[in-house]
Amino acid sequence: MTSFALHGIGVSGGIAIGRAQLVSHATLEVAHYRISAAQVDAEIARFNAAVGAVRDELTSLHGDLAGEDMPGEFGAFLDVHWMILNDPTLADVPRRIIADQRCNAEWALTQQMQVLVEQFEQIEDPYLRERKADVVQVVERVLKRLMGSHQTLAPAAESHTILVAHDLSPADIIQFKQHNYGAFLTDLGGVTSHTAIVARSLNVPAVVATHNARQLIRDGEMLIVDGANNVVLVNPDRAVLAEYRLKQSERELERQKLKRLRTKRACTLDGVDVELHANIELPSDVDQAIENGAAGVGLFRSEFLFLNREGLPSEDEQFESYRAVAVGMKGRPVTIRTFDLGADKTKEGLAGLARVAPNPALGLRAIRFCLAEPRLFNTQLRAILRASHYGNVRILVPMLASVSEINASLAAIEHAKETLREQGVPFNDSIEVGGMIEIPAAVLALESFLSRLDFLSIGTNDLIQYTLAVDRGDDAVSHLYDPLHPAVIRLLAMAIGGAAKAKVPIAVCGEMAGEVTLTRLLLGMGLTHFSMHPAHLLEVKQRVLTSDAAASRVLVDRLRRADQPAKIAGLLDKLNA
Ligand code: PEP
Ligand code: MG
């Protein structure tokens, strides 16, 4: 067996040693095999059964439409899928292919999908052309049935198994929380894509953008994933394995030592108190937040309640999830971000998102989507407000760019309150409402935010993406994604300084907050609220405990005026010395 190394982007540190498990994605890697003449009827029956099952699924979703919570476009979207599923080009032609070519149903279906997609690509009308995405989605639904599972990921055979995939969606990764993978690798992905962010929260090593790991690695091969050094070693020899096992145990020892800081107050050497909060994706993440001494939840990415499930979560289901977090955090602040759906967090069934937007990161995402779907938004707001009766809950609105969006969000919250009041349902009437600063416009028009909102939270992942016009999920431009770009540093300093002057609390909840080499940079800008994945809390606390905020401020003032990358890097080194 030949040993070789693959390079990528380590999105999550640590070392994992284990055997590879390759995952297939429905349309990407459909098997092709021949069947005998005697098997043709059974294969066609299998195809018919899968189509029938998807038909039932769409019918039952239609039935749910009668419910209160369905967004307006949902029905139209279902109708389109229903028509595609029942069109002879998709319902009949694959049967003929199975019989004529004596091939398996999955292969026949994807062959026909290819033909249809090519036909759609020829259409001039841009709206109709985009319907090809619906064709692909319908085919994926049928493929999932044919493959006998709704789940994309199979459970890991053993806890050290390393998952190797071409690409994984954030929804796929969230399933890792139930399975016990030791690490994961993908061919695609950017450093702050949501896929990477969720991977980081699992506290397992991960390397993305390996380009061809999925092709080069075989099932069962021994791998070492070194997330900190952006490298994957395939079939390492004994000496290399032994060296990495040693490194692994040293790291584990360090982690154990850090645990002693769990209950220690986070305070700089010169007496500045710092609040370290946790970012969570699911209610079950509260345990990890508490274990790592989080002073609160600074960001609950509630949209993950939407993913990996059929239909939409009802008000009661959402309420139970929010209440569980509020109660689990035992009176500590719990900041629930309203749904940030869109861009790389999409879901079949939500028409506004399912449409292949020309530029999804700039499209109907986050608060824009919620304001376009008032019923869905109202359901979530009612659920959050109801949960506010059971703990210290705050509302955080993502991706705000303008005063009209702030006003519309506040009006929607007021409306949700009114409906609860009418029904005599208890909630915290003075619940705090905050806004995320993720778009440069929000920093440049900070006054409008400061005068209308109770607190702010800077989403650096998006702020960097939108400031530098670099897609956070695209590895082709990940070298341009730079948290230390002078423009980013200046925007951060403006937002933190502006909020401090106005005495409005401000936090950073993007990945920069959990990056220990940037802790002093943020402290030096005057930041005292950080929110990050629980796995990073203790390391950042250790850095806070050994930092002098006033000394950092002097260096950061110099750093803010620098524009040469080498000079900035040099000052950062000094800051971290
Ligand atoms: C951010 O953009 O920095 C952020 C915290 O939100 P998300 O990563 O979920 O977009
Ligand atoms: Mg964001």
Side-chain angles (χ1 to χ4, degrees), residues 11-12 169-171 173-174 189-202 208 276-282 285 296-307 335-347 353 360-370 394-401 405 409 434-443 449 455-474 478 481-483 485 488 491-492 495-496 506-515 518 522 527 529-536 540:
V11 294
S12 186
S169 70
I173 300 274
I174 208 90
V191 73
T192 58
S193 61
H194 283 96
T195 301
I197 288 172
V198 183
R200 218 166 278 141
S201 78
L202 302 178
V208 301
L276 301 178
H277 288 200
N279 292 354
I280 64 168
E281 278 90 34
L282 295 174
D285 295 338
V297 166
L299 174 66
F300 178 2
R301 288 184 163 98
S302 66
E303 59 277 5
F304 281 91
L305 298 176
F306 258 76
L307 308 177
T335 312
I336 301 176
R337 174 171 76 184
T338 55
F339 297 135
D340 180 7
L341 287 159
D344 59 347
K345 285 175 292 195
T346 55
K347 179 177 166 61
L353 303 177
L362 302 183
L364 202 60
R365 183 190 160 186
I367 188 59
R368 301 171 181 182
F369 173 71
C370 285
R394 317 192 301 169
I395 298 175
L396 179 62
V397 183
M399 216 187 160
L400 289 167
E405 283 167 348
S409 305
M436 287 193 73
I437 304 289
E438 331 192 66
I439 299 179
V443 184
F449 285 68
F455 67 96
L456 302 177
S457 191
I458 309 176
T460 49
N461 308 331
D462 278 314
L463 187 62
I464 297 168
Q465 150 163 283
Y466 294 130
T467 302
L468 303 180
V470 173
D471 187 330
R472 60 194 269 193
D474 183 355
S478 59
Y481 187 94
D482 182 11
H485 189 292
V488 174
L491 284 171
L492 282 173
I496 296 167
I506 188 162
V508 169
C509 65
E511 296 302 285
M512 281 182 81
E515 177 49 65
L518 302 178
L522 296 172
L527 189 79
H529 286 63
F530 295 64
S531 193
M532 67 200 77
H533 281 303
H536 299 160
V540 170

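Values below: every heavy atom of this structure, side chains too, minus hydrogens, waters and symmetry copies. For ligands, and for the atoms within them, numbers begin at 1 and follow the listed sequence.
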**OP:** Provide the atom name of the closest N, O or S atom of D462 relative to the Mg ion (ligand 2).
**Re:**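 Looking only at N, O and S atoms of D462, the one nearest the Mg ion (ligand 2) is named OD2.
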Subject >> Atom name, E438 (N, O or S, nearest to the Mg ion (ligand 2)) >> reply: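 In E438, the heteroatom (N, O or S) nearest the Mg ion (ligand 2) is OE1.
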Original post:
Heavy-atom contact under 4.0 Å between R365 and ligand 1?
Top reply: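 True for this residue.
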Subject >> Closest heavy-atom pair and its distance - A401, F449 >> reply: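 Here A401 and F449 meet closest at C-CZ, 4.2 Å.
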Original post:
Any N/O/S of D340 under 2.8 Å from the Mg ion (ligand 2)?
Top reply: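 It does not; every qualifying atom lies at 2.8 Å or beyond.
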Atoms in ligand 1 flagged as close to [X], the criterion being non-hydrogen separation under 4.0 Å:
| X | answer |
| --- | --- |
| C509 | 5 (C) |
| L299 | 5 (C) |
| E438 | 1 (C), 2 (O), 4 (C), 6 (O) |
| R301 | 4 (C), 5 (C), 6 (O), 7 (P), 8 (O), 9 (O) |
| D462 | 1 (C), 2 (O), 3 (O), 10 (O) |

Subject >> From N461 atom CG to Y481 atom OH, the distance as rounded to the nearest 0.5 Å >> reply: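 The OH atom of Y481 is 4.5 Å from CG of N461, to the nearest 0.5 Å.
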Original post:
At what distance, to the nearest 0.5 angstrom, does CD1 of I437 lie from CG of L491?
Top reply: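 One gets 10.5 Å once the value is rounded to the nearest 0.5 Å.
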Original post:
With no hydrogens and no angle check, is any side-chain donor or acceptor of E303 less than 3.5 Å from a backbone partner on L341?
Top reply: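 Answer holds: no.
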**OP:** Would you sort out whether D285 and R301 count as a salt bridge (Lys or Arg N to Asp or Glu O under 4.0 Å), showing the intermediate values?
**Re:** CA-CA 11 Å; D285 295 338; R301 288 184 163 98; over 6 Å; no
**OP:** Would you sort out whether L362 and Y466 count as a side-chain contact (heavy atoms from CB on, under 4.5 Å), showing the intermediate values?
**Re:** CA-CA 9 Å; L362 302 183; Y466 294 130; 3.6 Å; yes
**OP:** List the closest protein heavy-atom neighbour of atom 7 (P) of ligand 1: residue, atom name, distance to the nearest 0.1 Å.
**Re:**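 Looking at atom 7 (P) of ligand 1, the protein heavy atom closest to it is H194 NE2, 3.2 Å.
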Subject >> Protein contact of atom 6 (O) of ligand 1 - nearest heavy atom, named by residue and atom, plus distance >> reply: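 Here the closest protein heavy atom is R337 NH1, 2.9 Å.
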Using side-chain heavy atoms (C-beta onward) and a distance below 4.5 Å, is [X] in contact with [Y]?
| X | Y | result |
| --- | --- | --- |
| E405 | R368 | yes |
| L299 | S457 | no |
| H529 | I506 | no |

Subject >> For atom 10 (O) of ligand 1, the option (of E511, M436, R472, M512) bearing the nearest heavy atom >> reply: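 The option holding the nearest heavy atom is R472.
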Original post:
For ligand 1, is there an N or O atom under 3.5 Å from any N or O atom of T460?
Top reply: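 In this structure, T460 places an N or O atom under 3.5 Å from an N or O of ligand 1.
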Subject >> Part of I458 with heavy atoms under 4.0 Å of ligand 1, whether side chain, backbone, both or neither >> reply: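 No part of I458 comes within reach of ligand 1.
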